[in-house]
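See below for the structure under consideration.
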Amino acid sequence: MNFLSLIEAKREGKILSPAQIQEFIRAFTAGKIPDYQMAALLMAIYFRGLDTAETTAFTLAMRDSGDVLKFPKDQRPLVDKHSTGGIGDKVSLPLAPLLACLGFRVPMISGRGLGITGGTLDKLDSIPGFKTLLPAKKIIEQVQKVGCVICGQTDRMVPADKKLYALRDASGTVPSIQLITASILSKKLAEGLDALVLDVKFGCAAFMQTKADARKLAKAMVALGNECGVNTRAILTDMNTPLGRAAGNWLEVKESVACLESLVGTRSTASQTLRPDGDAMERVPTDLRQLVITFAAHLLVQTGKSRSLAAAHKSAEDCLDSGAPRRKWDEMLAAQGVDLKAFNRKLALDHTAPVVMKLESPVAGFVSRCDARIIGEVIRDIGGGRLTKESAINFDVGVDQMAKPGERVEKNSVLARIHAADQAQAKAALVRLKTAFEISSKSKQPAPLILEILS
Ligand code: URA
């Protein structure tokens, strides 16, 4: 293959054939194309784009660059959810066991966070003993036996994306809709799914900041997922405000368990029902519960397990409230190496970071802004996120008890609590955290969480 001629062809806006794409992805994965040449092709793609057939070929070639999970035949459909990422986005944690209880198999291969966006694997790493790196054989065994697994990609899955993503990161070519689509879907297609639901976020803390860009990405992913034989839907959701009331790895695990305990849980293992100053605060954040139920409901409809979205919502809600997904969560944790007694002891603690400080409202009024980007930056800067891929994470730090837009607060009500490693960091974080909140005298309806569904 003359790779230089492919770079030149794309530079001139020509279409590459599926055979050419398969060949260069194979050669690049095998180390036969130097990074500088591949970076040049990526830049040409960034400016010239890929058409639908090219994007499909690119995605399938990346999927086939390594192992594709092969599950035994079974009446339970294989499903997953992917989120483009946001602050406090812990939906995967309660969703996987809920889906398993609804009669699905869930091979949820997840990633780590970078920058302000948290990663599901980092949240799970805050659970002592939880194993996130599993060989393909164990992933398949656990999915067949327990119904769900949440773990990282094995070294042998989609190696082309791993290499290409690192190069895109270093060459300023990440924000190409076609490359993002191919990158995300190649990994999901390697799970061997029947149906997939995508949470495409827009807003100040989202990968796609505008609704228009999020819609463009969602449309491209839905079209390609369906083209590749996976029933795919996308839901556009707001990421101007954090999801739930907690952000930070361990604090999000706690809130996920509270969500799973919903109506049947015991208070001792859940997040608090009241703020320390006595203000009412629902035990399970309604936005988190809404997204968990919504994604489960869509997958029920997509796989023909429910005839209408209304019936699917009811099934998902009843199942969540039955307590079965909470027990399934324990089963998943035990299967992945967790000592449940130790986990429950940690869960019962109010905080695990050395210092907790409250941010109080200076006035009475209504919360009109709780800025997800600022909160994400604060958490990253106190060690809860990564500045570089190599940074170590402090799992215990974060923000909880966040007041959300539309809520009434009194003077000195708690707007949020910061969990930090020491006093100095907590104090500095509090100064910044203050700028994330706005209180106004008039009540205003918060923006809807779900903007639209693309199927
Ligand atoms: N997440 C991915 O997995 N790939 C991208 O290209 C962007 C976000």
Side-chain angles (χ1 to χ4, degrees), residues 21 25 28-29 35 38-39 41-47 49-50 54-63 65-66 68 80-87 89 91-92 107-123 132 150-155 157-191 193 196-203 205-210 213-225 228 230 232 234-237 239 376 385-386 388-389:
I21 292 171
I25 293 283
F28 179 65
T29 311
D35 282 359
M38 185 51 90
L41 179 69
L42 290 171
M43 191 57 85
I45 291 174
Y46 177 86
F47 282 112
L50 295 172
E54 287 178 303
T55 312
T56 305
F58 203 94
T59 308
L60 295 177
M62 290 219 289
R63 177 197 69 184
S65 67
V68 173
D80 195 4
K81 183 232 36 155
H82 176 83
S83 163
T84 54
I87 310 305
D89 181 4
V91 167
S92 293
M108 199 177 259
I109 310 278
S110 302
R112 298 195 181 280
L114 184 62
I116 61 167
T117 300
T120 298
L121 292 188
D122 298 319
K123 300 179 214 294
T132 51
I150 313 181
C151 62
Q153 197 178 326
T154 72
D155 279 348
M157 285 176 80
V158 207
D161 179 66
K162 207 173 203 172
K163 281 189 82 179
L164 272 177
Y165 192 83
L167 206 51
R168 286 167 59 207
D169 209 19
S171 61
T173 53
V174 168
S176 143
I177 296 261
Q178 293 99 19
L179 292 176
I180 297 169
T181 302
S183 166
I184 292 175
L185 282 181
S186 61
K187 287 176 284 206
K188 292 291 139 189
L189 295 176
E191 296 175 1
L193 301 177
L196 170 67
V197 64
L198 300 160
D199 181 359
V200 181
K201 297 196 178 292
F202 62 88
F207 190 52
M208 294 285 154
Q209 303 221 335
T210 67
D213 282 348
R215 195 175 285 119
K216 236 191 261 173
L217 177 62
K219 275 189 176 163
M221 289 200 289
V222 168
L224 186 64
C228 294
V230 179
T232 306
I235 303 186
L236 298 191
T237 69
M239 188 27 73
R386 287 188 185 83
T388 69
K389 284 202 186 91

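Every number for a ligand or one of its atoms is a count from 1 in the order of the listing. Computed from heavy atoms alone, side chains included, the values below leave out hydrogens, waters and symmetry copies.
- Side chains of S92 and K81: a donor on one and an acceptor on the other come within 3.5 Å.
- For K216 (side chain) and I177 (main-chain N/O), no donor-acceptor pair under 3.5 Å exists by modelled atom type.
- With hydrogens and angles left out, the side-chain atoms of S83 and D89 include a donor and acceptor closer than 3.5 Å.
- Nearest protein heavy-atom contact of atom 4 (N) of ligand 1 is S183 OG, 2.6 Å.
- Listed by atom number, the atoms of ligand 1 under 4.0 Å from I180 heavy atoms are 6 (O), 7 (C).
- Using a 4.0 Å cutoff on heavy atoms, V174 does not count as a contact of ligand 1.
- Near F207, meaning under 4.0 Å from any of its heavy atoms, are these atoms of ligand 1: 7 (C).
- The single protein non-hydrogen atom nearest to atom 5 (C) of ligand 1 is Y165 CE1, 3.3 Å, given as residue, atom name and distance.
- Of the possible polar contacts, one joining the K188 side chain to the I109 backbone as a donor-acceptor pair under 3.5 Å is found.
- If you check which protein heavy atom lies closest to atom 1 (N) of ligand 1, you get I184 CG1, 3.9 Å.
- Other residues, nucleotides and ligands place no more than 12 heavy atoms under 6.0 Å from the CG atom of D155.
- Partners of R386 according to the side-chain hydrogen bond (donor to acceptor under 3.5 Å, both in side chains) rule, which considers only residues two or more places apart in sequence or in another chain, are D122.
- Checked by distance only, ligand 1 and K187 come closer than 3.5 Å through their nitrogen or oxygen atoms.
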